[in-house]
Amino acid sequence: MDKLLLQQQVLERLAEDLLQVEQAARTAHETATHEENIAENKYDPLGLEAAYLATGQARRAEAIRQAIAHWRQFRPRPYDASQGIQLGALVCLVDADDKQQLLFLGPDGGSMQLVSGAQPVQVISSASPLGRAMLGKCEGDEVALQVALTRQQFEVLRVD
């Protein structure tokens, strides 16, 4: 599986997300500043709520811009068994029910699902709980993760 192709898909998805968030921010700003939304009294919150929304959308847009910058600078390297799983690894995990999942460990802006060929690939950040748990592991190692009261365990089947 081509990691550079996956990286390009991440950048395309982030660019799409940025366009949507910027449009939402513009719409919220226009709503907040429209003359019909000027507060008539202190109990009239529409303009204020729209301003809060615009601020949140602007922050989200900046976070996406930073993620794009990180992904553009990112250079996935081949897997080195002496170092174990590192940023840029493509990892296949299997759980106790023999369910496999393919994960691409990236620098930022994770939580997106891509498709390579017919195979789904989950992009996760190395800062996520699962990403941190995988760092340094090798093929055949166990990865354990505590989620609330549930302990999840996986085996590393292969790493590219």
Side-chain angles (χ1 to χ4, degrees), residues 1-30 51-160:
M1 191 168 300
D2 188 352
K3 293 180 190 180
L4 293 176
L5 180 61
L6 290 173
Q7 179 182 15
Q8 186 59 39
Q9 288 181 25
V10 169
L11 285 166
E12 289 169 4
R13 181 82 61 85
L14 288 171
E16 291 169 8
D17 291 350
L18 182 59
L19 286 175
Q20 290 176 354
V21 168
E22 286 175 338
Q23 177 59 40
R26 279 191 295 277
T27 301
H29 181 339
E30 290 168 5
Y52 284 139
L53 181 59
T55 300
Q57 295 289 6
R59 286 184 185 139
R60 176 72 182 126
E62 183 54 33
I64 294 172
R65 282 187 205 96
Q66 288 179 5
I68 288 171
H70 291 151
W71 276 95
R72 282 186 179 149
Q73 294 171 358
F74 175 56
R75 299 292 176 255
R77 294 180 302 233
Y79 172 64
D80 180 355
S82 68
Q83 292 184 342
I85 295 171
Q86 298 296 316
L87 191 63
L90 190 58
V91 182
C92 181
L93 296 180
V94 63
D95 65 14
D97 298 325
D98 283 334
K99 181 180 175 194
Q100 294 183 17
Q101 58 181 320
L102 194 57
L103 305 167
F104 185 41
L105 193 59
D108 198 359
S111 301
M112 70 176 67
Q113 186 137 15
L114 305 175
V115 176
S116 180
Q119 193 166 16
V121 179
Q122 180 69 43
V123 179
I124 65 169
S125 166
S126 59
S128 70
L130 181 56
R132 284 192 311 267
M134 289 191 311
L135 289 175
K137 302 288 185 183
C138 296
E139 290 180 1
D141 286 351
E142 181 181 290
V143 176
L145 182 66
Q146 187 75 29
V147 179
L149 298 175
T150 306
R151 181 172 171 85
Q152 296 179 347
Q153 292 183 299
F154 305 95
E155 180 185 341
V156 179
L157 277 184
R158 67 180 180 280
V159 184
D160 295 318

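For the numbers below, each heavy atom of this structure counts, side chains included, while hydrogens, waters and symmetry mates do not. Numbers for residues simply follow the sequence, beginning at 1.
- Tested against V91 for a side chain to side chain contact (heavy atoms under 4.5 Å, CB included), the candidates V156, L102, L157 yield a single pass: V156.
- Listed for the K99 side chain is no donor-acceptor partner under 3.5 Å among the backbone atoms of V94.
- V143 and A133 make their closest contact through CG1-CB, 3.7 Å (heavy atoms, listed as atom of the first residue, atom of the second, distance).
- For V115, the side chain to side chain contact (heavy atoms under 4.5 Å, CB included) test picks out no residue, with sequence neighbours left out.
- Listed by chain and number, the residues in a side chain to side chain contact (heavy atoms under 4.5 Å, CB included) with L5 are D2, Q9 (sequence neighbours excluded).
- Residue pairs meeting the side-chain hydrogen bond (donor to acceptor under 3.5 Å, both in side chains) criterion with at least one member in residues 131-147, sequence neighbours excluded, are E142-Q153.
- Within the structure, side-chain hydrogen bond (donor to acceptor under 3.5 Å, both in side chains) contacts touching residues 13-25 (residues at least two apart or in different chains) are E22-R65, Q23-R26, Q23-T27.
- Legend: residues meeting side chain to side chain contact (heavy atoms under 4.5 Å, CB included) with Q113, ordered by chain and number and at least two apart, are P120, Q122.
- Minimum interatomic distance between P107 and H70 (heavy atoms only, all atoms of both residues): CG-O, 4.1 Å.
- Listed by chain and residue number, L93, L103, F154 satisfy the side chain to side chain contact (heavy atoms under 4.5 Å, CB included) test with Q101 (two or more places apart in sequence, or in another chain).
- Taking both residues in full, the closest heavy atoms of V159 and A89 are given as CG1-CB, 4.0 Å, listed atom of the first, atom of the second, then distance.
- The stretch residues 81-91 participates, sequence neighbours left out, in these side-chain hydrogen bond (donor to acceptor under 3.5 Å, both in side chains) pairs: D80-S82.
- In terms of heavy-atom proximity, G84 sits nearest to C138 at CA-SG, 3.8 Å.
- L135 and L87 get closest at one heavy-atom pair: CD2-N, 4.3 Å.
- Between the side chain of S116 and the backbone N or O of Q119, no donor-acceptor pair lies under 3.5 Å.
- Pairs of residues two or more places apart, or lying in two chains, that qualify as ring-ring contact (aromatic ring centres under 6.0 Å, His included) and include a residue from residues 73-98 are W71-F74.
- For the pair A58 and A25, the tightest heavy-atom approach, listed with the atom from each and the gap, is N-CB, 4.2 Å.
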